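Residue numbers start from 1 in every chain, and the chains themselves are labelled A, B, ... in the order their sequence lines are given, proteins ahead of strands. Note that the coordinates shown come from a computational prediction; the quantities given were computed from them, not determined experimentally.
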Amino acid sequence: SPPSPGDTSVLAGIYGPAEVKGSKELPDRAALEVLLRPKVGLPGVIERSREQLLRRTCEAVVLGVLHPRTAITLVLQVLSDAGSLLSCCLNAACMGLLDAGLPLSSLFCGVTCALDPNGVIVLDPTTRQEQEARAILTFAIDSAERKVLTATTKGSCSVEEMQQCLAAAQRAADTVFQFYRDSVRRRYSKS
Amino acid sequence: MKATPLSNCERRFLLRAVEERKRLDGRQCYDYRNVRISFGADYGCCIVELGKTRVLAQVSCELVPPKPNRPTEGILFFNLELSPMAAPGFEPGRQSELLVKLNRLIERCLRNSKCIDTESLCVVAGEKVWQIRLDLHLLNHDGNIIDAASIAGIVALCHFRRPDVSVQGEEVTVYTPEERDPVPLSIHHMPICVSFAFFQQGTYLLVDPSEREERVMDGLLVIAMNKHHEICTIQSSGGIMLVKDQVLRCSKITAVKVAEITELIQKALENDQKVRKEGGKFGFAESIPNQKITTFKMESAAVDTNNVEEQAEEIITKADPPSEVFAKPILHTPGTAQIGEGIENSWGDLEESEREEAAEEEGESEAAAFECQKMETEDTSTMRETKKDEPIVLSDSEEEEVVILEPQELPKKTRTQTNLKQENTSKKAFNKRRRKKRAAH
């Protein structure tokens with residue numbers, strides 16, 4: 001399923017829980033692997049670090065203990081990038097996990113905030129807004145209690161500003177979760 | 001992940017069906033699946049769907065110095081990737097044979113056919129030329145990757161616009177899309193691959209095999225042709241021996257199919273051109289939702305951020321203030337420092353037994369290396385004043401040879417291991433290992 005705020009599109013594909021090669025096997029839980037493929041060029045260090053971030057976020061919600069000694073592979077392909085790519089990947093990952101029917105303890109969504117030099121918070125910035133911003137913060141918020149699963153920042157901001165962005169992100173998360181709910185309802189009512 | 005192997009009954013079933021001229025999806029032998037082309041927001045990006053097989057193509061360009069033996073020609077670079085999401089058997093490191101075969105076919109089809117005019121990509125002869133890079137990603141594998149990839153490739157190349165460039169003497173100016181409209185690539189013709197699957201030593205023939213049919217086929221014939229009926233590439237693999245009129249028949253079928261597909265491509269390109277000119281919305285966000293029932297679109301929603309500042313202040317005041325204690329780094333010797341001191345260990349029982357062990361070791365430690373001793377004594381002399389009454393701490397290392405260091409003699413260990421400390425542990429560990437080795441011998 002390809003969620004896309006504006007023109008940023010990420011396609012997610014999930015395989016699993018399935019058989020895993022010997023070395024990667026974990027005896028008590030499922031081994032989650034995330035692969036992020038950029039549109040142009042070979043995957044580099046940025047993709048690797050984003051993969052790890054997504055992996056840790058997903059591991060926090062996926063109930064891996066229900067499927068020990070298996071592997072869950074999550075593949076994300078960037079279709080187009082117009083800003084807020086990481087939060088788009090987070091949303092795609094969550095919807096993919098949901099659609100695949102994997103057991104999850106809660107859903108999560110990704111929200112990106114950009115702080116421009118005047119201190120104004122912009123949610124879901126475009127590429128231009130991201131370039132002009134002083135700091136870009138991405139949060140993964142869970143659906144149960146709006147807690148923060150992952151927070152990553154680029155640039156500098158004060159503690160108060162970060163808390164403000166976080167509060168704004170939690171508000172935005174409500175809208176995103178409503179979108180999840182509506183799209184899942186639509187999918188399972190017609191097909 | 002492992003790909004599920006094809007069962008024998010399924011294989012027999014498919015072969016029997018082919019003998020009776022029936023296909024699993026109800027097509028005729030010479031029928032193609034539906035081809036659907038959708039474009040992305042930026043130039044040179046498109047997704048082609050051939051039935052369920054999906055390929056994403058993206059073209060990008062860059063100014064680079066040309067190859068030394070071809071100073072007036074631009075550089076073309078093709079890369080096809082089998083994404084792990086395409087099939088469970090595709091893993092990031094493996095599937096090289098199929099990948100190499102597909103890459104070579106794409107290269108031959110697009111590069112050797114000279115469909116793109118590389119001379120027009122030259123900016124300054126011998127110094128700067130355009131390098132055009134085509135990235136193809138297979139998103140879903142349902143058979144006939146090569147056809148879908150070749151269509152995606154040629155469509156993306158036709159759709160792509162490179163920045164306009166002007167040369168004044170030695171100076172090269174590259175204009176951004178805002179300054180001057182980007183320029184399309186000069187493409188002579190559009191080669192498109194058509195695949196034929198053969199069964200029973202060439203008796204039966206299927207056009208556009210699906211994934212199941214590919215698994216049971218004997219051999220594959222790929223013909224790349226353009227609409228002027230010129231064969232650009234032809235490749236037969238699988239060791240089937242084809243008769244001359246079989247090949248001729250295939251090329252006639254190819255001509256028909258290529259004409260249809262080329263028309264479809266032209267229409268799609270014109271449509272996209274029209275939409276962009278009229279200023280309508282374009283890109284995947286627009287094309288995908290209209291075709292799928294399962295997609296859902298949400299307009300940008302305003303989020304109420306009015307009370308955000310107050311809420312944030314609440315959170316900050318309620319939260320514990322960051323500890324005011326800033327650990328001061330302690331300098332042992334030039335080049336070695338320590339931040340923070342550990343806490344008292346809470347393994348009460350273990351302490352005693354470890355202390356006995358440590359006492360035993362102490363007896364043996366006289367035979368230890370002299371350098372270690374020296375360093376140690378130097379260190380302890382400076383440490384003794386500061387660390388006399390500190391509690392004992394278990395090291396945090398995960399090695400099995402973990403030892404308690406006596407507070408009187410040796411500096412205690414903390415999370416941040418310093419060089420000296422490591423030497424101390426190594427000395428102690430060394431002893432322990434030596435003792436174990438002696439025991440083993």
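- Rounding to the nearest 0.5 angstrom, the gap separating the CG atom in L79(A) from the CD1 atom in I47(B) is 4.5 Å.
- Looking at V20(A), there are no atoms closer than 4.5 Å to chain B (heavy atoms on both sides), in backbone or side chain.
- A heavy-atom distance below 4.5 Å is found between the side chains of K39(A) and D42(B).
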Return a table of donor-acceptor pairs under 3.5 angstrom between the side chains of residues 100-118 of chain A and protein atoms on other chains or two or more places apart.
{"residue": "S105(A)", "atom": "OG", "partner": "V61(A)", "partner atom": "O", "Å": "3.2"}
{"residue": "S106(A)", "atom": "OG", "partner": "D142(A)", "partner atom": "OD2", "Å": "3.4"}
{"residue": "T112(A)", "atom": "OG1", "partner": "S87(A)", "partner atom": "OG", "Å": "2.8"}
{"residue": "D116(A)", "atom": "OD1", "partner": "N118(A)", "partner atom": "N", "Å": "3.1"}
{"residue": "D116(A)", "atom": "OD1", "partner": "G119(A)", "partner atom": "N", "Å": "3.2"}
{"residue": "D116(A)", "atom": "OD1", "partner": "V120(A)", "partner atom": "N", "Å": "2.9"}

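- A heavy-atom distance below 4.5 Å is found between the side chains of L42(A) and N79(B).
- Applying the ring pair (Phe, Tyr, Trp, His ring centres under 6.0 Å) test to pairs two or more places apart or on separate chains, those with a residue in residues 131-156 of chain B are F90(B)-H141(B).
- Heavy atoms from other residues, nucleotides or ligands lying under 6.0 Å from CD1 of I46(A) number 12 at most.
- Contact record, Y15(A) with P84(B): CE1-O, 3.3 Å, taken as the closest heavy-atom pair.
- Q77(A) contributes atom CD, which lies 7.5 Å from atom CD of E81(B) (distance to the nearest 0.5 angstrom).
- Note: L139(B) leads L134(B), N140(B), L139(B) in heavy-atom pairs under 4.5 Å with chain A.
- Under a cut-off of 6.0 angstrom, the local environment of CD in E145(A) is sparse, with at most 12 non-hydrogen atoms contributed by other residues, nucleotides or ligands.
- Electrostatic pairing of R37(A) and D135(B) does not count as a salt bridge here, judged by no charged N lying under 4.0 Å from a carboxylate O.
- Contact of A86(B) with chain A is made through the backbone alone, with heavy-atom distances under 4.5 Å.
- A 6.0 Å sphere centred on CG of D28(A) holds more than 12 heavy atoms belonging to other residues, nucleotides or ligands.
- Under the 4.5 Å side-chain criterion, counting only non-hydrogen atoms from C-beta, L11(A) is in contact with M85(B).
- We find the SG-CG distance between C45(B) and D81(A) to be 11.5 Å, quoted to the nearest 0.5 Å.
- For R111(B), the CZ atom sits in a packed shell: over 12 heavy atoms of surrounding residues, nucleotides or ligands are nearer than 6.0 Å.
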